[in-house]
Amino acid sequence: MAASKPPEGDSLVKRLAGPSTGKAGLAQDQSEINRIIAEASKGSKFYENEKRKDEELTARINRLLEKRDSVIKGADLARLEKAADQILIDMEQKRDLSQIIVHVDADAFYASVEVMDNPELKGKAFGVGGGVLTTASYEARKFGVRSAMPMHIAKKLYPELIVVRCRFSRYSEVSKALMTVLQRYDPTMHPAGFDEAYLNITKYCRDHEMEAEECVQVIRDEVHKETGLTISAGIAPNKMLAKICSDRNKPNGQFKLPFDRRAIVSFMKDLSVRKVPGIGRVNERVLEAIGVKTCGDIYTQRAVITLLDHELGLHGLLHAHLGISSNVVEPPIREARKSVGVERTFSAVGDSTKLMEILENIAESLEEDCEQTGWAGKTLTLKYKLHTYEVFTRARSLDRYIRSKDDLFSIGSELLRKELPLRLRLLGLRLTQLKDLRDKGEKGIKRFFKDAGDEPPRKRNRLNDEEDDFAASMMEDDIEEIPMDEEDARLNGGTPNASPNRQSKKVSPNSKGRPADQDEETSDSRQRLVCPICSTSLLTDNDGFNAHVDYCLSRGAIAELATLGSQDDVGPITSPKKPPALSKSRAGSNPFLLSKKAK
DNA sequence: GCGGATCAC
DNA sequence: TATGGTGATCCGC
């Protein structure tokens with residue numbers, strides 16, 4: 001596999017003619033799209049940086065393989081497999097299939113909202129965003145336009161592309177309406193960003209004598225009726241599986257995984273490890289190097305993974321293979337916040353005075369955020385990105401909590417001053433070691449009792465030895481507000497909802513549990529298509545196909561360029577100063593998480 | 001505690 | 001025409 005590069009289908013200069021036409025046409029168009037993206041990226045500093053990172057990763061993988069070869073000598077593989085099998089047995093015994101977890105995901109959320117507010121956009125190829133697209137309508141995706149794509153490349157792919165500016169406050173409104181509906185089915189529902197949420201509908205189904213699928217259908221109908229959104233949903237015994245399942249019949253569909261151990265393991269078997277939350281592009285490559293592309297491969301390679309436990313995280317992978325993760329759904333907890341920061345990108349600046357001005361503005365923004373959210377911090381971290389895209393951070397811990405612009409700027413500028421001169425394209429400040437300014441004295445106590453009265457949200461059943469879910473998600477202005485007290489009101493000064501991007505995060509598992517994805521192996525009303533980039537045969541619907549191609553394009557274009565390795569002129573990028581000692585050999589900066597090993 | 005790296009959305 | 005912003009975690013030092 002890894003049919004890395006088909007003979008470069010240059011011959012297929014089909015142009016992106018009628019994307020709207022059949023799939024066959026689509027495939028060839030995608031090859032051309034890939035070429036266009038590669039062409040537009042080549043020679044840019046961004047590309048050079050991507051190439052550098054790719055080479056570093058390759059070196060890291062080679063070191064890992066060397067270690068494997070070295071350590072595998074004299075190893076008793078049969079014994080290692082047995083040990084892994086025992087761990088699997090233990091994990092299996094703790095598997096909990098008693099909870100009905102649902103992950104709902106709005107389809108092309110921003111684009112859907114824009115269409116609702118402006119019906120003229122319906123059926124049109126348009127993107128949402130500014131210099132970089134945040135979302136692309138389904139029609140635009142057919143031209144290769146996708147989220148996170150720079151505008152200038154999107155325009156090359158489709159010059160007539162309609163661009164709509166982001167309206168976060170509007171998305172926030174619709175998101176709130178969505179969450180309000182979902183909360184009726186699970187008061188402890190956990191929003192995961194503007195357009196996603198986890199629910200535990202076990203109780204609701206029991207109280208209303210409903211089947212899970214029936215219940216979810218009702219939820220989806222109700223959401224559509226009340227918000228105009230179409231959502232997709234996954235139903236499974238834990239969060240990882242539910243998330244994977246919600247993607248299965250997207251858009252506007254739902255999928256329930258059998259609550260059966262064997263069915264689940266079977267489901268995971270052909271699932272790409274990339275679908276497992278927490279396994280990104282880097283770890284995907286690392287795993288592929290040791291022969292693990294699917295969750296089923298994890299079992300096959302369990303001996304080697306055991307040998308490389310430290311680098312790969314045996315437990316997390318074994319959980320993925322079994323399809324086991326946390327099934328605890330709890331609302332976000334304010335106290336869980338760990339940092340607050342502001343960063344800004346700008347066209348390269350080398351003038352120190354100018355940089356200081358930018359930093360001052362950032363300090364001001366951060367002060368505003370601190371006031372609005374009610375946090376102060378003890379450690380300030382400066383982040384800067386050179387015009388070459390290399391990123392660095394410099395931190396300083398204090399003996400007091402700060403949040404005023406003056407403090408932020410005086411300390412931040414001190415950190416920056418020591419690095420100058422620099423030519424930068426981004427500056428940022430972040431506070432950590434936070435103190436909750438709203439949680440003073442009795443107020444905190446009162447809140448505690450208030451919650452206790454409701455019913456202990458804790459579910460504490462099931463297994464996960466790692467319990468994740470800390471819910472970092474803030475969206476405090478959008479979801480379930482903690483009652484404000486006088487101080488809050490003062491701090492907020494009536495500001496509605498400032499900065500855009502205020503979503504927060506979520507689910508992020510910690511170490512272990514993650515879902516996996518499936519790949520198109522199931523049959524249904526799907527079609528069999530061949531991805532023009534990776535040549536994989538896919539049995540999926542149009543959306544699944546697009547998603548797959550999106551992925552191949554995003555990685556493929558850059559990877560291809562890196563391979564072709566055309567050293568370009570690049571020119572004199574003189575950066576005032578090379579940053580501090582950088583990357584040493586960065587040995588195995590370890591991929592996975594893996595908490596303790598409970599072996 | 002600090003800095004780098006990875007990940008999610 | 002020049003590839004985002006916010007937040008979290010893990011690891012090695």
Side-chain angles (χ1 to χ4, degrees), chain A residues 37 40-41 43-47 49-50 53 56-57 60 105 109-110 129-135 147-156 166 168 191-196 243 274 276-284 286 310-311 313 316 336-348 365-366 369 378-379 381-383 385 387 389-397 415 425-426 428 430-434 468 470-475 499-511 514 554 557-558 579-595:
Chain A
I37 295 174
S41 300
S44 69
K45 291 188 179 68
F46 177 79
Y47 159 69
N49 188 253
E50 289 296 305
K53 289 196 294 186
E56 287 176 5
L57 176 56
R60 178 180 141 198
D105 193 333
F109 183 62
Y110 293 178
V132 174
L133 297 181
T134 300
T135 306
S147 63
M149 178 179 278
M151 180 66 65
H152 70 100
I153 289 181
K155 288 280 191 170
K156 278 184 179 171
C166 280
F168 288 102
F194 276 175
D195 65 335
E196 283 181 39
K243 180 160 176 64
R274 181 65 170 82
V276 175
I279 298 182
R281 293 185 245 141
V282 172
N283 286 325
E284 179 188 32
V286 171
H310 188 247
E311 289 81 3
R337 187 149 184 177
K338 299 288 198 302
S339 75
V340 51
V342 170
E343 60 187 58
R344 263 173 217 162
T345 290
F346 40 84
S347 51
S365 294
L366 184 52
D369 279 10
K378 207 178 218 195
T379 298
T381 301
L382 169 76
K383 173 179 175 180
K385 187 188 287 181
H387 66 120
Y389 289 87
E390 290 171 287
V391 176
F392 301 88
T393 61
R394 294 292 178 269
R396 180 169 166 193
S397 291
L415 288 168
R425 69 178 340 270
L426 172 148
R430 178 164 299 273
L431 278 171
T432 51
Q433 300 248 99
L434 302 181
D468 56 312
F470 62 78
S473 171
M474 304 253 72
M475 290 184 79
S499 38
N501 262 351
R502 200 104 269 202
Q503 27 198 60
S504 4
K505 303 349 193 307
K506 54 224 1 14
V507 172
S508 175
N510 308 344
S511 1
R514 9 147 116 348
S554 63
I558 296 301
L582 70 125
S583 63
K584 353 187 268 195
S585 350
R586 194 103 287 265
S589 92
N590 149 356
F592 294 41
L593 330 85
L594 173 72
S595 41

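Each chain gets a letter, A, B and so on, in the order its sequence line appears, and its residues count up from 1. Note that these values count all heavy atoms, side chains included, but never hydrogens, waters or copies made by symmetry.
- Comparing C:dG4, C:dT3, B:dA5 against the side chain of A:Ala148 picks out C:dG4 as the nearest.
- The side chain of A:Glu56 sits closest to B:dA5 out of C:dG12, B:dA5, C:dT6.
- Of the listed nucleotides (B:dG1, C:dG5, C:dG4), C:dG5 has the atom at the smallest distance from the side chain of A:Leu426.
- Closest approach to the A:Arg394 side chain among B:dG4, B:dC2, C:dT3 is made by B:dG4 (side chain taken as heavy atoms from C-beta onward).
- When heavy atoms are screened at a 4.0 angstrom cut-off, A:Thr379 is found touching the sugar-phosphate backbone but no base atom.
- Among C:dA8, B:dC9, C:dT3, the nucleotide with an atom closest to any side-chain atom of A:Ser339 is C:dA8.
- Atom CZ in A:Arg430 sits roughly 16 Å away from atom C1' in B:dC2 (whole-Å rounding).
- Residues satisfying the side-chain contact (heavy atoms from CB on, under 4.5 Å) criterion with A:Ile153, sequence neighbours excluded, are A:Ile37, A:Ala40, A:Ser41, A:Met149, A:Pro150, A:Leu157.
- Ranking C:dT3, C:dT9, B:dC9 by closeness to the A:Glu196 side chain, first place goes to B:dC9.
- Looking at heavy-atom distances under 4.0 Å, A:Thr345 makes contact with sugar-phosphate atoms alone, never a base.
- Two residues are said to be in side-chain contact when any heavy atoms from C-beta on lie closer than 4.5 Å; A:Arg425 and A:Thr345 meet this criterion.
- Looking at A:Leu57 and A:Val286, their side chains come closer than 4.5 Å, going by heavy atoms from C-beta outward.
- Taking only side-chain nitrogens and oxygens, A:Asn283 comes nearer than 4.0 Å to OP1 or OP2 of B:dC7.
- At whole-Å resolution of the value, CZ in A:Phe168 and C1' in C:dT6 are 11 Å apart.
- Considering only the side chain of A:Thr393, B:dG3 comes nearest among B:dG3, B:dG1, C:dT6.
- Across the C1' atoms, B:dC7 and C:dG4 are found 15 Å apart, a figure rounded to whole Å.
- Salt-bridge formation is not detected for the pair A:Glu56/A:Lys53: no Lys NZ or Arg NE/NH1/NH2 atom is positioned less than 4.0 Å from an Asp or Glu carboxylate oxygen.
- The base of C:dT3 sits with one of its N or O atoms less than 3.5 Å from a complementary donor or acceptor on the side chain of A:Ser41.
- In the set B:dA5, B:dG4, C:dT3, B:dG4 carries the atom at the smallest distance from any side-chain atom of A:Phe392.
- Closest to the side chain of A:Ser397, from the set C:dC11, C:dA2, B:dC2, is B:dC2.
- For A:Tyr389, the ring pair (Phe, Tyr, Trp, His ring centres under 6.0 Å) partners at least two apart in sequence or on another chain are A:Phe46.
- For the pair A:Lys243 and B:dC9, the criterion of a side-chain N or O lying under 4.0 Å from OP1 or OP2 is met.
- Here the side chain of A:Arg274 is nearest to one of C:dT3, C:dC11, B:dA8, namely B:dA8.
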